[in-house]
Amino acid sequence: TLGKREISPEMIEHLEETLITADLGAATVQELIDTIKWKVARKELENPESIQCLIKQELFSILHQQERPLQIDPSCQPFVILTVGVNGTGKTTTIAKLGALLQSQGLSVMLAAADTFRAAAIEQLEIWAQRIGCAFVKHRQGADPSAVAFDALKSARARHIDVLIIDTAGRLHTKMPLMEEIKKVYRILSREHTGAPHETLLVLDATTGQNAISQASLFKDAINITGIALTKLDGTAKGGVIVGISRSLNIPIRFIGVGEKLDDLREFHAKDFIDALFE
Amino acid sequence: VITSGFNKVRDRLQGKVELTESNIEDALRDIRFSLLEADVHLSVVKRFIAHVQEKAVGEVVATRVAHKGKKLKVSPADHFINICYEELVNLMGPVDVSLRFGSRPVAAIMLVGLQGCGKTTTAGKLASYLRSKNKKPLLVAADIYRPAAIEQLQVIGSSLGIPVYTQQNALPPLICKQALEHARSIGCDVAIFDTAGRLAIDDALMHELENIVAMTQPENTLLVCDAMIGQDAVKTAETFSRRLPVSGFILTKLDGDARGGAALSIKEVTGKPIKFLGTGEALDRLEEFRPEGLASRILG
Ligand SMILES: Nc1nc2c(ncn2[C@@H]2O[C@H](COP(=O)(O)OP(=O)(O)OP(=O)(O)O)[C@@H](O)[C@H]2O)c(=O)[nH]1
Ligand SMILES: Nc1nc2c(ncn2[C@@H]2O[C@H](COP(=O)(O)OP(=O)(O)OP(=O)(O)O)[C@@H](O)[C@H]2O)c(=O)[nH]1
Ligand SMILES: [Mg+2]
Ligand SMILES: [Mg+2]
């Protein structure tokens, strides 16, 4: 039916089903379908192949722009990565994976346990630091996270650490006092060290639905999010919310998490991600 | 965002003297959009819309016959929204927040779910809740994988003054079995198994849960779900409840702004009730499920 320059309702419904169940969201899916219909009608497509191909191309043009890998500049001494996100998304585990990766590339790494709130959060990160064999800074349970960050920065500088990664407590983006707390950590870092934090990484869970958009946008309003890590893509969830987030917030997707082990961290590749949406 | 769905329907039906098939259709399109944005599964949305349409159109016809064209007392918008709301409440009910205690000296509650959904925290909350109901709970650390998971449960138990059973050099099925014996020996009457987060498609880890069930025959198996979960809720809930005797659900992190559409999807697809809602990180933030609050949150 594409030869007739129009798309059948069955094709649309099938496509909608695939994209909606991949968590792209009703609004984004509607816009994508409208774009394709418009392009087909305008005969912009020389050889309209399957509608799926057209959608994949459209998705690629959106997601390709977010294929911007994290560039560590060790001359910052240290390059500071602040890790944030809502509860349970995989921040602590992602920090461990990232620390291991950077260390394997010859950089010296320090992890800072600035989640001083949740039960055994410090112990959890400490175990990871021991497994990796990297530097580690902690305070006592209940300490001010900004104080931990400040302290870690001082210690990293003294020890000539290349990369400092700071773990923070999970927090809902709708909780004002918690968002004020993270803004304070951000302020302390930027005040104490030029350019810090050099990367502010928002960790999003791929099983999250449309709420991820609210998370990304409120975290971005509060502190300058410069990268996203999308975790748990080894599950059945597709993480389609990242399409809407890319379009509206234009934040690079630095990494994807594909498991619970130290080496389960990959760079984001738009083409692979898009192919997986249709599997 | 939360109220846009309802408002849109209200605007659309504003000034309409009566519900007709055609304006119902438009309103349903808005509702469909709102439910999808609320993370209700597409298949569940389709069934819901068809059901509401049938009901609303049926009422239009009945109303015409009954009133012979006279004006209705309730505005069409309110009437239609009410049909949707009632349908949603019906789908999420009937309310059953009961836990089975059976006839054994120690009853068991096994908590399962995906990684990071809030099982360990919920275990603590459940223990606190059960104690308020005059039960004597024992927390069981059956997650032997996650770094400091056992410690996390111990800190929670100690903050509540509730005992925590741990065991070195044993796998979760044996840990849980021996926990029941330990519970009996210290006068506890209910054991809560905190298991490791796992993917529904991880066959080995799902098999581990099946082994825990085989060893301990828990009276209750509760699937813990993060309220912000998207379309994956259905696949996950289906797989867990197919392989395990899931008796109910706990939806966590409802103190955020996630609409919580998963609540509707998992209930619809498995038929099992939502028992509790987690509404904060603190250990007293557990409520018995009531459909009304969640229904208006999902509809938006
Ligand atoms: N399958 C899978 N599990 C993951 C992934 N990343 C993290 N996890 C698991 O998700 C759970 C939560 O991870 P954490 O690192 O504790 O998450 P967090 O964001 O630090 O949690 P809070 O600090 O409590 O907010 C753990 O069981 C991890 O092993 C991933 O990419 N895939
Ligand atoms: N805001 C909020 N946070 C919650 C709620 N329930 C749990 N959390 C938080 O969610 C995060 C994960 O909770 P856990 O109890 O560690 O989750 P889990 O399912 O045991 O994680 P795994 O064992 O790694 O699968 C923690 O930061 C908890 O404090 C809730 O109802 N509201
Ligand atoms: Mg953490
Ligand atoms: Mg746990």
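Just so we're on the same page: letters track the sequence lines, and every chain starts at 1. This structure is a prediction, so every number in the text was calculated from the model and none was measured.
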Chemist: Checking heavy atoms, do the side chain of B:Ile229, its backbone, both or neither come under 4.5 Å from chain A?
Modeler: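 For B:Ile229, backbone and side chain are both near chain A.
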
Chemist: Pairs of donor and acceptor atoms under 3.5 Å between chain A and chain B, please, with atom names and distances.
Modeler:
{"from": "A:Glu13", "atom 1": "OE2", "to": "B:Lys46", "atom 2": "NZ", "distance (Å)": "3.3"}
{"from": "A:Asp23", "atom 1": "OD1", "to": "B:Gln231", "atom 2": "N", "distance (Å)": "2.9"}
{"from": "A:Ala26", "atom 1": "N", "to": "B:Glu37", "atom 2": "OE2", "distance (Å)": "3.1"}
{"from": "A:Ala27", "atom 1": "N", "to": "B:Glu37", "atom 2": "OE2", "distance (Å)": "3.4"}
{"from": "A:Asn87", "atom 1": "O", "to": "B:Lys253", "atom 2": "NZ", "distance (Å)": "2.9"}
{"from": "A:Asn87", "atom 1": "ND2", "to": "B:Glu281", "atom 2": "OE1", "distance (Å)": "3.1"}
{"from": "A:Asn87", "atom 1": "ND2", "to": "B:Glu281", "atom 2": "OE2", "distance (Å)": "3.3"}
{"from": "A:Gln124", "atom 1": "OE1", "to": "B:Arg146", "atom 2": "NH2", "distance (Å)": "3.4"}
{"from": "A:His173", "atom 1": "NE2", "to": "B:Asp257", "atom 2": "OD1", "distance (Å)": "2.8"}
{"from": "A:Lys175", "atom 1": "NZ", "to": "B:Asp255", "atom 2": "OD2", "distance (Å)": "2.4"}
{"from": "A:Thr207", "atom 1": "O", "to": "B:Gly230", "atom 2": "N", "distance (Å)": "2.8"}
{"from": "A:Gly209", "atom 1": "N", "to": "B:Met228", "atom 2": "O", "distance (Å)": "2.8"}
{"from": "A:Gln210", "atom 1": "N", "to": "B:Asp39", "atom 2": "OD1", "distance (Å)": "2.9"}
{"from": "A:Gln210", "atom 1": "N", "to": "B:Asp39", "atom 2": "OD2", "distance (Å)": "3.3"}
{"from": "A:Asn211", "atom 1": "ND2", "to": "B:Asp257", "atom 2": "OD1", "distance (Å)": "2.7"}
{"from": "A:Ser214", "atom 1": "OG", "to": "B:Asp257", "atom 2": "OD2", "distance (Å)": "2.9"}
{"from": "A:Lys232", "atom 1": "NZ", "to": "B:Gln115", "atom 2": "O", "distance (Å)": "3.0"}
{"from": "A:Thr236", "atom 1": "OG1", "to": "B:Asp232", "atom 2": "OD1", "distance (Å)": "2.6"}
{"from": "A:Thr236", "atom 1": "OG1", "to": "B:Asp232", "atom 2": "OD2", "distance (Å)": "3.4"}
{"from": "A:Glu260", "atom 1": "OE2", "to": "B:Gln115", "atom 2": "NE2", "distance (Å)": "2.8"}

Chemist: Chain B heavy atoms under 4.5 Å from A:Val29: which part of the residue, side chain, backbone, both or neither?
Modeler: neither

Chemist: Identify which part of B:Leu36 has an atom lying under 4.5 Å from any heavy atom of chain A, answering side chain, backbone, both or neither.
Modeler: both

Chemist: Measuring heavy-atom distances to chain A, does B:Leu114 have an atom under 4.5 Å in its side chain, in its backbone, in both, or in neither?
Modeler: side chain

Chemist: What pair of heavy atoms forms the shortest contact from A:Ile127 to B:Ala148, and how long is it?
Modeler: CD1-N, 3.6 Å

Chemist: Relative to chain B, which segment of A:Ala206 carries a heavy atom at a distance below 4.5 Å: side chain, backbone, both, or neither?
Modeler: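 It is neither, since no heavy atom gets under 4.5 Å.
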
Chemist: In terms of heavy-atom pairs under 4.5 Å, which option from A:Ala212, A:Gly209, A:Gly235 contacts chain B the most?
Modeler: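 Looking at each option in turn, the highest pair count goes to A:Gly209.
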
